[in-house]
Amino acid sequence: MRQTIASHRSSPRQRRAGAAGVKIESHLVPGHVAEAIVGLVKDRGFDLLVVGFMGHSQLYERIIGGTTDRLVRLAPCAVLVVK
């Protein structure tokens with residue numbers, strides 16, 4: 001079950017993006033984060049995925065695994081990682 005989050009008020013970032021011709025969408029998707037995002041990217045046919053990088057310790061990354069790393073490996077499109 002996927003649900004698009006509808007908001008009647010736009011944030012300043014959304015207004016700036018809209019003025020530049022960039023469309024921002026928000027989605028609430030159940031499941032494991034990386035797999036859910038990859039599924040949404042495939043379903044919607046996105047050609048670019050922009051994700052943030054948190055920067056945990058190497059030990060944390062080895063034990064838990066990095067969501068950003070998984071997205072870079074699994075996404076069917078280009079991935080832009082922002083620090």
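When reading the values below, keep in mind they use all heavy atoms of this one structure, side chains included, and skip hydrogens, waters and symmetry mates.
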Output the rest of the hydrophobic cluster of Leu80: all Ile, Leu, Val, Met, Phe, Trp and Tyr residues reachable through side-chain heavy-atom contacts under 4.5 Å, sorted by chain and number. Leu48, Val50, Val82
Arg16: which residues meet the salt bridge (Lys or Arg N to Asp or Glu O under 4.0 Å) condition with it, sequence neighbours left out? none
Value rounded to 0.5 Å, distance of CG in Leu71 from CD in Glu35: 8.5 Å
In Å, rounded to the nearest 0.5 Å, how long is the span from OG1 of Thr68 to CG of Leu49? 9.0 Å
In terms of heavy-atom contacts, Pro30 and Ala36 come closest through O-CB, 3.7 Å
I'd like to check the side-chain contact (heavy atoms from CB on, under 4.5 Å) partners of Val33; sequence neighbours left out, ordered by chain and number. Ile37, Thr67
